[in-house]
Amino acid sequence: MKYLQCGRYRFPMSGKQSKTLVMGVLNVTPDSFSDGGRYLKLESAISRAEQMIEDGVDIIDIGGESSRPGSQALPLDEELSRVMPVIYALRDCGKPLSIDTYKPQVMREALLAGVDMINDISGFRSEEVIRAVQNSDAGLCVMHMQNLPDTMQVSPAYEDVNQEVTAFLRERIVALEQAGIERERICLDPGFGFGKTLEHNVAMFGHLSQFQSELGLPLLVGMSRKSMIGALTGRAAPERLAGSLAAALAARQHGAKIIRVHDVAETVDAYKVWDTLSQAFSMNV
Ligand code: 9MG
């Protein structure tokens with residue numbers, strides 16, 4: 001059976017014991033929580049995490065820097081002061097913590113504080129980043145992104161998006177393995193919305209099971225509330241729940257092992273209903 005090693009946790013990725021993991025988004029950015037100062041923001045982040053745990057989350061992904069299209073890089077000190085208190089407060093919450101960062105200094109601090117996974121939207125591109133995670137046993141999410149968030153949606157272009165994403169991910173796997181990092185620690189993410197048009201996103205979606213079979217590692221997929229859902233439904237971000245649930249179900253059907261979502265309770269419910277109904281269906285055919 002294949003596993004994904006994530007720090008203190010080890011998730012089966014195949015066989016009867018495996019299930020699609022729901023990764024809940026815990027953004028600690030100024031627009032995420034009430035404007036009541038640092039302490040109140042910390043309290044709100046902790047209650048959000050507690051709610052996610054009650055709702056059935058499998059991994060909590062903590063992020064201090066927005067990666068929305070057009071967003072600017074955040075100074076290191078500001079990112080650390082946003083995420084570290086949350087990591088300290090949650091490290092013994094009973095669920096794996098992931099840190100969403102591309103900065104090696106944040107990775108090091110977060111690993112010392114006990115996070116179980118590093119979610120790097122820039123795909124562990126530099127030697128410094130690889131060194132930061134090399135001697136840990138944290139899970140690593142390697143994501144593809146064309147350019148950087150501030151300009152990535154200006155004019156994304158590929159000759160063949162699936163080929164280029166596959167080549168990038170393959171090259172990163174080799175670099176990580178050459179640094180002595182076990183394959184069991186790695187999962188891959190084609191990066192929906194990160195330097196991609198709607199057509200690119202749809203083409204990548206159609207290729208999900210090939211990404212999985214060609215690269216041989218578990219896939220993490222994040223489409224929740226993204227502009228591709230908006231483009232397909234004509235809805236603004238707060239109204240994209242139904243579209244996001246459809247995307248989460250479809251991604252799972254096509255092999256995604258981890259789904260990164262904002263709406264944990266709704267996604268967990270959708271999976272429960274789907275599982276029961278599809279089991280009933282298969283018993284009848
Ligand atoms: C931080 N972040 C925002 N969207 C994401 C996605 O689709 N995948 C991953 N791994 N991280 C994301």
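Counting starts at 1 for both ligands and their atoms, in listed order. We're numbering straight along the sequence, starting at 1. Since the model is a prediction, treat every value here as computed from it, not as a measurement.
- In this structure, the protein non-hydrogen atom closest to atom 1 (C) of ligand 1 is Asp100 OD2, 3.2 Å.
- Looking at ligand 1, you'll find an N or O of Asn119 within less than 3.5 Å of one of its N or O atoms.
- Atoms of ligand 1 lying under 4.0 Å from at least one heavy atom of Cys141, given by number and element, are 10 (N).
- By the 4.0 Å N-to-carboxylate-O rule, Lys19 lies close enough to Asp58 to be salt-bridged with it.
- A salt bridge links Arg225 with Asp263: the closest approach of a Lys/Arg side-chain nitrogen to an acidic carboxylate oxygen falls below 4.0 angstrom.
- Inclusion of Gly222 in the set of residues having an N or O under 3.5 Å from an N or O of ligand 1 is warranted.
- Contact analysis leaves Gly191 out of contact with ligand 1, as no non-hydrogen atom separation drops below 4.0 angstrom.
- A salt bridge does not link Asp137 to Arg185: none of the charged side-chain nitrogens sits closer than 4.0 Å to a carboxylate oxygen.
- No path of Ile, Leu, Val, Met, Phe, Trp and Tyr side chains, each step under 4.5 Å between heavy atoms, connects Tyr102 with Val25, placing them in separate hydrophobic clusters.
- In terms of polar-atom proximity, defined here as any N/O pair under 3.5 Å, Lys226 does make such a contact with ligand 1.
- Counting only non-hydrogen atoms, the option in Val25, Leu220, Asp189 that gets closest to atom 8 (N) of ligand 1 is Asp189.
- When non-hydrogen atoms are compared, ligand 1 lies under 4.0 Å from the side chain of Arg260 (C-beta onward) but not from its backbone.
- Under the side chain to side chain contact (heavy atoms under 4.5 Å, CB included) test applied with Ile99, the options Leu111, Ile60, Val115 reduce to a single match, Val115.
- Ion pair Glu65/Arg82 not flagged as a salt bridge, since none of the NZ, NE, NH1 or NH2 atoms sits closer than 4.0 Å to an Asp/Glu carboxylate oxygen.
- In this structure, Gly63 does not count as a contact residue of ligand 1, since none of its heavy atoms falls inside 4.0 Å of the ligand.
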